[in-house]
Amino acid sequence: MATHDPDLRKELDATLQTRKELGPEYEAELVESFLEKLDHTVDRRVRRQLAEQQVQVARGGRPPRPEGGGRRFWERFGVAALSLVLAVPLTAIGVVNAGIPGLLVCWAGIVGVNAVHSVGVRNLLPGGRREHRDGEWD
């Protein structure tokens, strides 16, 4: 997510140019000044995003989710990793107790759990939504 702020870019260029002219003895002050401007820019962006989210929530919507689905990726990765870790002992137990049918049932379960998780429970119900009952969390 590389958002370029032309004003901030101009400030950085000016700071670098000033450093070339004044020399390294003023570097600490120049860096401090630039970081202060950067801090103000970040604060202004965060306040604007929070205000936009508050307006959206006040209108009855939900706040937007971060782009990229970072949390969703780690959920999928965690389920897949856990499935592979548990696959070894489950496969051994299935083969020892039931032979090839045990192996097939074990792996069908592992694949089934991963498939349901990747599709998502929301997508399995009609209309792509979970049923919602009073008192339940969404």
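In what follows, every heavy atom counts, from backbone to side chain, and hydrogens, waters and symmetry copies are set aside. All values reported here derive from a predicted model rather than from experimental measurement.
Considering CD of Q17 and CG of L12, their distance stands at 11.5 Å, rounded to 0.5 Å. E21 CD to R19 CZ: the interatomic distance, rounded to the nearest 0.5 Å, is 12.0 Å. Atom-to-atom distance recorded for E32:CD and E36:CD is 7.0 Å, nearest 0.5 angstrom. Distance CG/L22 to CG/L30: 6.0 Å, rounded to 0.5 Å. One distance of note links CZ of R45 with CG of L8; it measures 7.0 Å at 0.5 Å rounding.
Between the side chain of N114 and the main chain of I110, a donor-acceptor pair closer than 3.5 Å is present.
For the side-chain hydrogen bond (donor to acceptor under 3.5 Å, both in side chains) condition, the pairs that include at least one residue of residues 92-109, sequence neighbours left out, are T91-W107.
Across every non-hydrogen atom of E11 and K37, the tightest pair is OE1-NZ, 2.7 Å.
Residues V111 and L90 are members of separate hydrophobic clusters, defined by side-chain heavy-atom contacts under 4.5 angstrom among Ile, Leu, Val, Met, Phe, Trp and Tyr. Using a 4.5 Å cut-off between side-chain heavy atoms of Ile, Leu, Val, Met, Phe, Trp and Tyr, with links allowed through other members, V31 and L38 fall into the same hydrophobic cluster.
Side-chain contact check for V79 versus E75: every heavy-atom pair is 4.5 Å or farther apart. In this structure, the side chains of L50 and Q53 come closer than 4.5 Å at one or more pairs of heavy atoms.
When the salt bridge (charged side-chain N to carboxylate O under 4.0 Å, His left out) test is applied to E29, no partner is found at least two apart in sequence or on another chain.
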